[in-house]
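Shown next, in structure tokens, is the structure this report addresses.
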Amino acid sequence: MEQSRRSFLKTAVAAGLAGHGLIDAVAAAEPLPDRKIKYIDIHTHLGAFFHSQELTAELLVRFMDQHQVERACVLPLVSPESAPIPQPVTTALKAYHDFPERIIPFCVVDPRAATAPGQRQGHVAGVKGIVDLLKRYQDAGCRGLGEHKTGLPFDAPQQMYLYEACDTVGFPILFHLDDIRNPDMPGLPRLEAVLKAFPQLPLIGHAAGFWASISGDATIEDFGRYPDIPLPVAPDGALDRLMKKYPNLYGDLSEPGGEKAIARDLTFGREFVIRHADQLLFGTDVLMPNQKIPQFELLDSLNLPEDVQYKIYRGNAIKLLKLEEA
């Protein structure tokens with residue numbers, strides 16, 4: 001049965017929030033065996049993605065402690081298409097201030113705030129205006145831009161302003177791609193145009209449309225849904241081709257898209273993970289209390305070589321975000 005992100009999360013809410021908060025669940029959980037390689041989570045959120053299901057910084061850190069996540073990137077959501085309840089950059093920065101050793105703040109700017117060259121200048125004047133915003137966020141501690149999740153086509157002119165600005169200040173971009181947010185087409189030609197235009201800009205892909213493109217038979221309908229499991233991966237998928245051709249393309253293994261892309265065809269999935277170990281990042285997309293995160297069990301089940309685990313679980317994040325190894 002096809003499962004949208006909304007139905008997936010509603011199921012998680014119903015299963016996980018029937019009477020207790022995350023604090024109770026963590027307190028009751030059995031301690032996990034100590035991991036040799038601790039995680040850096042490239043994708044988390046703070047706030048209330050769903051009404052009354054707020055994830056606070058304190059609850060996020062408890063979740064991290066439970067799962068041996070050393071540090072986590074907090075991604076704001078400000079575009080109207082990105083979330084029913086906005087999650088401002090100030091929330092991520094406040095969490096960083098409160099937990100500086102655990103939280104890595106990201107920032108986000110909706111490129112529609114910028115005016116094109118030659119037009120009457122609005123609040124944000126073209127690429128320069130976006131650069132000025134990003135530098136202020138950078139000075140406050142932000143390490144990247146995301147979650148980039150707008151209703152514009154992936155390579156729309158205003159999107160290109162944002163990409164140029166991020167390239168200028170040295171921010172990797174974690175982007176959402178499906179049939180509504182940053183939409184592209186099968187084969188991902190718009191994404192490829194951006195990869196060509198900004199070969200030094202790290203672009204970290206995420207969500208149903210991006211991960212559907214692991215399979216060579218992906219359709220535009222697949223960009224708006226998650227695959228059934230099991231489901232063989234057809235050869236000649238866009239992700240294999242693009243990751244091989246463009247070393248600045250990365251994959252965020254979070255949320256149902258990343259998990260199901262690997263779990264749908266475990267033999268192919270394991271080979272894909274090993275093949276692209278330098279370009280994949282561990283993430284959860286945790287955004288509410290008691291959310292079930294299958295990535296922990298899935299990735300452990302693959303019995304990955306230790307060097308591959310290190311790269312995906314933390315090494316690639318350290319490199320991209322210019323972090324110090326703890």
Side-chain angles (χ1 to χ4, degrees), residues 21-23 26-27 38-79 82-83 85-110 113 123-124 129-149 162 165-166 168-175 202 204 206 252 254 281-291 293 313-314 316-326:
L22 182 61
I23 293 176
V26 172
K38 302 292 196 298
Y39 300 104
I40 295 176
D41 190 339
I42 198 68
H43 193 142
T44 73
H45 294 283
L46 289 177
F49 192 92
F50 293 109
H51 179 66
S52 80
Q53 305 300 343
E54 181 178 4
L55 186 63
T56 66
E58 291 77 11
L59 292 180
L60 175 60
V61 170
R62 283 179 175 260
F63 166 86
M64 294 164 62
D65 289 342
Q66 180 190 2
H67 293 286
Q68 301 184 55
V69 176
E70 180 184 284
R71 285 174 278 183
C73 300
V74 172
L75 311 184
L77 294 167
V78 301
S79 299
S82 67
I85 303 172
Q87 299 178 3
V89 180
T90 51
T91 300
L93 289 173
K94 175 63 163 57
Y96 168 60
H97 178 269
D98 292 343
F99 299 97
E101 303 301 319
R102 307 299 300 279
I103 299 299
I104 302 166
F106 272 44
C107 65
V108 68
V109 175
D110 191 311
H123 296 297
V124 181
I130 300 177
V131 167
D132 290 342
L133 279 174
L134 296 182
K135 283 184 175 178
R136 287 200 289 272
Y137 288 140
Q138 193 173 49
D139 290 343
C142 292
R143 295 279 183 160
L145 183 132
E147 186 175 351
H148 177 49
K149 191 176 179 183
L162 179 66
C166 287
T168 299
V169 303
F171 270 172
I173 299 175
L174 194 152
F175 65 86
I204 307 168
H206 157 80
D252 162 14
S254 73
L281 298 111
F282 172 83
T284 62
D285 201 5
V286 64
L287 48 72
M288 61 185 173
N290 273 2
Q291 183 176 333
I293 305 296
Y313 294 171
R314 61 185 294 111
N316 293 336
I318 289 170
K319 175 185 68 175
L320 278 180
L321 305 181
K322 301 178 175 62
L323 303 174
E324 292 184 5
E325 178 66 88

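Values in this document were obtained by computation on a predicted structure and should not be read as measured data.
Counting heavy atoms from C-beta outward, Arg136 and Leu133 have side chains that approach closer than 4.5 Å. Between Tyr39 and Met64 there is no side-chain heavy-atom pair separated by less than 4.5 Å. Within the 4.5 Å cutoff, the side chain of Leu75 has no heavy atoms near those of the Val108 side chain. The shortest side-chain heavy-atom distance between Ile42 and Cys73 falls under the 4.5 Å cut-off. Counting heavy atoms from C-beta on, the side chains of His45 and Leu55 never come closer than 4.5 Å. Proximity of Phe49 to Gln87: side-chain heavy atoms (C-beta onward) are separated by under 4.5 Å at one or more points. Under the 4.5 Å side-chain criterion, counting only non-hydrogen atoms from C-beta, Phe171 is in contact with Gln138. The side-chain heavy atoms of Pro172 and Leu321, taken from C-beta on, include a pair separated by under 4.5 Å.
Counting non-hydrogen atoms of neighbouring residues, nucleotides and ligands closer than 6.0 angstrom, the CD atom of Glu324 reaches no more than 12 such neighbours. Crowding of Lys135 atom NZ: a count of heavy atoms from other residues, nucleotides or ligands under 6.0 Å not exceeding 12.
Side-chain N or O atoms of Gln291 include one that pairs as donor or acceptor with a backbone N or O of Asp285 at under 3.5 Å. When atom types are taken as modelled, the side chain of Arg71 and the backbone of Arg314 share no donor-acceptor pair closer than 3.5 angstrom. Using modelled atom types, no side-chain atom of Asp252 and backbone atom of His206 make a donor-acceptor pair closer than 3.5 Å.
Between Phe63 and His67, the ring planes lie tilted relative to each other; the angle falls in the 30° to 60° range.
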task: Show the numbers, then the answer: is there a side-chain contact (heavy atoms from CB on, under 4.5 Å) between Ile40 and Tyr313?
output: CA-CA 6 Å; Ile40 295 176; Tyr313 294 171; over 6 Å; no
- prompt: Between Val109 and Tyr137, is a side-chain contact (heavy atoms from CB on, under 4.5 Å) present by the stated rule, with each step listed?
  reply: CA-CA 10 Å; Val109 175; Tyr137 288 140; 4.2 Å; yes
field: Worked check of side-chain contact (heavy atoms from CB on, under 4.5 Å) between Thr91 and Val74
entry: CA-CA 9 Å; Thr91 300; Val74 172; 5.7 Å; no
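Here the straight-line distance linking atom SG of Cys142 with atom CG of Leu134 works out to 9.0 Å at 0.5 Å rounding. With rounding to the nearest 0.5 Å, the separation of NZ in Lys149 from CZ in Phe175 is 13.5 Å. One finds the CG atom of Leu59 at 8.5 Å from the CD atom of Glu54 (value rounded to the nearest 0.5 Å). Between atom CG of residue Leu77 and atom CG of residue Asp110 there is a gap of 11.5 Å, rounded to the nearest 0.5 Å. Distance OG1/Thr56 to CG/Leu46: 7.5 Å, rounded to 0.5 Å. Atom-to-atom distance recorded for Ile293:CD1 and Thr284:OG1 is 5.0 Å, nearest 0.5 angstrom.
Shown here are the side-chain hydrogen bond (donor to acceptor under 3.5 Å, both in side chains) partners of Arg143, two or more places apart in sequence or in another chain: there are none.
Across every non-hydrogen atom of Pro202 and Leu320, the tightest pair is CB-CD2, 3.6 Å. Shown here for Ile130 and Val124, the closest heavy-atom pair between the two residues is N-CG1, 3.5 Å. Residues Gln53 and Pro289 share a closest heavy-atom pair of O-CD, 3.6 Å. A pairwise comparison of heavy atoms in Val69 and Ala72 identifies CG1-CB, 4.5 Å as the closest pair. Residue Pro76 comes nearest to Ala92 through the heavy atom pair CG-CB, 4.2 Å, listed as atom of the first residue, atom of the second, then distance. Residues His43 and Ser254 share a closest heavy-atom pair of ND1-OG, 3.4 Å.
We find that Asp98 and Lys94 are joined by a salt bridge, their nearest charged nitrogen and carboxylate oxygen being less than 4.0 Å apart.
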